[in-house]
Structures are given as C-alpha cells and as structure tokens.
Amino acid sequence: MIVIDGCIVGASEVVRQLQEDEINALDVKIALKQMEVAIEQVKKVVDRMAADEAAKYGEKSFAYKGARIELAELGTKYDFSPCGYPPLARIESTMKEYSEQAKAAQNWLKSIKGKTEYIDPETGEVCEVYPPIKTSTTGIKITLAK
C-alpha cells in the first residue's frame with residue numbers, strides 16, 4: 001500500500017497508474033522516500049519492543065496472526081581490539097597498508113585517459129595499462145524538507 005495525495009493505493013494499482021500516466025512518477029518517488037524515512041524511524045523503536053513482546057510467549061518459535069515469529073540472534077558482532085593477540089594486530093596493520101596502496105593505485109588508474117605504458121618498479125617490466133571501465137546508473141536523489 002502506498003499513500004499518494006492522501007489516498008491509500010495498492011502496489012499493482014500504483015504501477016498501473018504510472019504506466020497509464022495517471023500519476024506523476026516524481027510524486028510516487030517522493031511518497032516512497034517519505035515512507036522509507038517513516039519506516040526507519042518506527043523500526044528503531046519497534047524492533048526491541050517486538051523482541052521483548054515475543055519473549056513473553058516463552059518459546060523461540062510460534063505462530064502469531066498468520067505469521068511465524070522466531071526469536072533469534074541477528075547480526076552478531078565481535079570486537080577483537082581488547083584481545084591482545086599480536087598476530088592479528090600485524091595482519092590488520094598489513095591489511096590497512098595494502099588497502100591504502102590499492103586505493104592509491106585505483107585513483108591513479110582512474111586518472112589516466114587512455115592506454116599508458118607503465119614500468120613496474122619491482123620487475124622492470126613495461127606493460128600497457130588501461131583506465132578502468134566506468135559504469136553508472138542515472139537516477140534521482142531526494143532530500144525531504146524538514
């Protein structure tokens with residue numbers, strides 16, 4: 001369901017109206033953006049409360065109003081910083097260094113305009129280097145007035 005100009009409309013009806021030029025695509029895009037913002041705001045509050053409510057049922061999995069509700073650990077994260085394990089610290093340092101080197105190489109490759117000869121400083125080999133292939137998708141960005 002989507003609300004457009006104060007009316008609740010089903011998804012298939014919105015698609016039909018768009019295809020038949022009965023509604024403006026920008027109006028639909030703005031309405032969708034407004035709903036996304038509202039949904040994110042509500043989710044921040046309701047996720048924890050819904051988990052607390054589900055826990056009251058005393059089971060990990062149960063049926064509720066035609067839906068299967070399951071209590072589960074979602075998005076487990078680990079913080080390794082307090083572990084004090086030197087091999088991991090060395091690996092992470094090397095990964096950071098390589099990541100920075102890769103970023104610098106990518107930036108250089110983005111800056112070249114065509115086929116370029118490059119001399120590899122480690123091997124002395126001369127090779128032909130080409131800029132990366134760039135792809136993009138045209139769309140619109142929407143910023144809602146506050």
Side-chain angles (χ1 to χ4, degrees), residues 1-4 8-19 23-146:
M1 299 294 208
I2 298 173
V3 179
I4 298 176
I8 298 175
V9 183
S12 60
E13 178 62 13
V14 170
V15 171
R16 184 195 67 74
Q17 289 181 20
L18 282 166
Q19 291 170 336
I23 54 176
N24 185 305
L26 289 175
D27 292 336
V28 174
K29 188 75 174 168
I30 290 169
L32 290 172
K33 181 67 175 183
Q34 290 168 333
M35 285 187 279
E36 287 173 7
V37 170
I39 288 168
E40 285 306 311
Q41 290 173 348
V42 172
K43 279 181 71 171
K44 287 178 183 176
V45 175
V46 78
D47 284 350
R48 180 75 252 153
M49 294 175 76
D52 291 344
E53 184 66 26
K56 293 177 185 177
Y57 285 76
E59 300 176 34
K60 280 197 161 246
S61 178
F62 59 93
Y64 180 80
K65 294 188 177 182
R68 170 74 32 205
I69 307 295
E70 296 181 49
L71 282 170
E73 294 296 320
L74 305 174
T76 302
K77 296 179 183 176
Y78 293 93
D79 178 4
F80 296 100
S81 61
C83 294
Y85 183 62
L88 179 60
R90 286 191 296 272
I91 291 167
E92 288 176 339
S93 176
T94 301
M95 286 172 47
K96 181 180 178 189
E97 180 183 330
Y98 282 147
S99 177
E100 290 168 358
Q101 289 176 13
K103 192 68 169 168
Q106 291 167 350
N107 287 336
W108 178 75
L109 288 166
K110 285 190 275 185
S111 74
I112 64 175
K113 302 298 178 206
K115 179 174 80 170
T116 303
E117 283 193 358
Y118 174 77
I119 301 172
D120 187 328
E122 289 185 22
T123 65
E125 178 184 2
V126 177
C127 53
E128 295 177 348
V129 178
Y130 300 88
I133 297 170
K134 180 180 176 181
T135 59
S136 65
T137 303
T138 301
I140 63 171
K141 292 182 179 180
I142 296 177
T143 304
L144 300 175
K146 296 193 178 205

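Basis for what follows: all heavy atoms, side chains included, without hydrogens, waters or symmetry-related copies. From a predicted model like this one, the values you see are computed outputs, not experimental measurements.
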Can you list, pair by pair, the side-chain donor-acceptor contacts under 3.5 Å of residues 94-103, counting residues two or more places apart and other chains?
| from | atom 1 | to | atom 2 | distance (Å) |
| --- | --- | --- | --- | --- |
| T94 | OG1 | R90 | O | 3.0 |
| E97 | OE2 | Q101 | NE2 | 3.2 |

What residues form a side-chain hydrogen bond (donor to acceptor under 3.5 Å, both in side chains) with D52, not counting sequence neighbours?
R48

Under the side-chain hydrogen bond (donor to acceptor under 3.5 Å, both in side chains) test, residues paired with K44 that sit two or more places apart:
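Testing K44 for side-chain hydrogen bond (donor to acceptor under 3.5 Å, both in side chains), a comparison that skips the adjacent residues, returns none.
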
Test side chain to side chain contact (heavy atoms under 4.5 Å, CB included) applied to [X] - qualifying residues, sequence neighbours left out:
X    : answer
N24  : L26, D27
L18  : V14, I23, A25, V28
K110 : N107, P132
E13  : V9, R16, Q17

Could you work out, with salt bridge (charged side-chain N to carboxylate O under 4.0 Å, His left out) as the rule, every residue matching E128, not counting sequence neighbours?
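Once residues adjacent in sequence are excluded, the partners of E128 under the salt bridge (charged side-chain N to carboxylate O under 4.0 Å, His left out) criterion are K115.
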
Who pairs with E53 by salt bridge (charged side-chain N to carboxylate O under 4.0 Å, His left out), at least two apart in sequence or on another chain?
K56

Heavy-atom side-chain contact between [X] and [Y] under 4.5 Å:
X    : Y    : result
V37  : Q41  : yes
V129 : W108 : yes
V42  : V45  : no

From T116 atom OG1 to Y130 atom OH, the distance as rounded to the nearest 0.5 Å:
9.5 Å

Nearest 0.5 Å, please: how far is CG in L32 from CD1 in I39?
9.0 Å

Qualifying side chain to side chain donor-acceptor pair (under 3.5 Å) pairs, either residue in residues 74-83, two or more places apart:
D79-S81

Any chance CD1 of I119 has more than 12 other-residue heavy atoms, nucleotides or ligands included, within less than 6.0 Å?
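At most 12 heavy atoms, drawn from other residues, nucleotides or ligands, come within 6.0 Å of this atom.
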
Result block: side-chain N/O donor-acceptor pairs under 3.5 angstrom for residues 120-127, not counting sequence neighbours:
| from | atom 1 | to | atom 2 | distance (Å) |
| --- | --- | --- | --- | --- |
| D120 | OD1 | E122 | N | 2.9 |
| T123 | OG1 | E125 | N | 3.1 |

With K33 as partner, the option from M35, K29, E36 fulfilling side chain to side chain contact (heavy atoms under 4.5 Å, CB included) is E36

Show me the donor-acceptor pairs within less than 3.5 Å that the side chains of residues 59-70 make with the rest of the protein, sequence neighbours left out.
| from | atom 1 | to | atom 2 | distance (Å) |
| --- | --- | --- | --- | --- |
| S61 | OG | R68 | NH1 | 3.1 |

